[in-house]
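Here the structure comes first, spelled out in structure tokens, and everything after it is commentary.
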Amino acid sequence: MNRNKKNQAKNKNIIKKRSAGSKHMSVDAGLDKNVIPEVFIKKTRKVNTFLNKHGLPA
Amino acid sequence: MKYKFYPFTVSPDFKTFEFISKGKNGMILKRVGFISTDRPYVFNLGLGDVDESGNVFDTTITNNGDTHKVLNTIHMIVLEFLRHGKLNSVIIQGNTLSRKRLFKIYISANLSQITGDLEIFGFNKGVWEKFERKNEYYIFLIRKKK
């Protein structure tokens with residue numbers, strides 16, 4: 001493989017890595033498996049009651 | 001953002017985020033969840049500490065000495081969530097009076113940074129209104145400007 005092709009392959013890998021996640025954020029497939037915590041569901045029910053009563057900003 | 005924040009992980013569906021708070025009480029795993037409400041594109045923000053068994057507690061007072069960094073991280077997470085789903089709105093409501101006050105103080109102090117392409121509303125005296133520093137709110141809504 002000549003140098004040009006080597007560089008192209010290297011750049012491709014870099015782009016792949018960068019698009020998979022930024023410096024401050026990375027994707028974790030395992031997080032999808034978590035069930036929504038009951039405490040979050042309870043709080044959201046209250047928010048639903050609130051939204052039904054007061055609606056959303058225009 | 002010019003302030004420090006913790007790196008975080010996100011689920012592929014962009015609804016669950018986690019980060020580790022590092023402070024005087026050690027390392028504490030925090031989870032931020034965006035839960036669908038009955039209204040389309042409106043999500044409720046849930047925030048809690050995760051224990052070793054994976055249980056989430058949203059009333060724990062962590063007192064880890066890094067409140068500002070944690071709030072900056074939540075700010076970043078909300079930005080990422082809204083960037084991912086451009087029609088989404090986020091409802092934020094502290095579950096204690098001190099947390100409500102804390103959110104209000106944070107938003108007031110960072111209003112110029114937050115309101116680039118976002119708009120923030122607060123619920124005050126029975127109506128939604130554009131966030132104003134002088135007013136008290138107990139529930140907030142953040143969304144992209146229309």
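In the text below, chain A, chain B and the rest are named by the order of the sequence lines, each starting its count at 1.
- Heavy-atom pairs under 4.5 Å with chain B peak, among A:Pro57, A:Ala29, A:Gly55, at A:Pro57.
- Within the 4.5 angstrom heavy-atom criterion, no atom of B:Val127 approaches chain A.
- At a 4.5 Å heavy-atom cutoff, the contact between A:Val39 and chain B is made by backbone and side-chain atoms alike.
- A side-chain donor-acceptor contact under 3.5 Å links A:Asn48 to the backbone of B:Asp38.
- For A:Ile41, no part lies near chain B; criterion is any non-hydrogen pair under 4.5 Å.
- Checking side-chain atoms of A:Lys43 against main-chain N and O of B:Leu47 turns up no donor-acceptor pair under 3.5 Å.
- When all heavy atoms are compared, the tightest approach of B:Gln93 to A:Val47 is OE1-CG2, 3.9 Å.
- With a 4.5 angstrom heavy-atom cutoff, B:Phe19 does not touch chain A via any of its atoms.
- When heavy atoms are compared at a cutoff of 4.5 Å, B:Ile35 approaches chain A by way of both its backbone and its side chain.
- For B:Phe8, the parts lying near chain A are the backbone and the side chain together; criterion is any non-hydrogen pair under 4.5 Å.
- Proximity to chain A is absent for every atom of B:Ser89, based on heavy atoms less than 4.5 angstrom apart.
- The shortest non-hydrogen separation linking B:Ser36 to A:Thr44 is O-CG2, 3.5 Å.
- Contacts of A:Ile36 with chain B are made by side-chain atoms alone, with heavy-atom separations under 4.5 Å and no backbone atom involved.
- At a 4.5 Å heavy-atom cutoff, the contact between B:Leu45 and chain A is made by backbone atoms alone.
- The part of B:Phe14 that comes within reach of chain A is its side chain, from C-beta onward, which places non-hydrogen atoms under 4.5 angstrom from that chain.
- Proximity to chain A involves both the backbone and the side chain of B:Arg31, based on heavy atoms less than 4.5 angstrom apart.
- Minimum heavy-atom separation, A:Val27 to B:Ser11: CG1-C, 4.4 Å.
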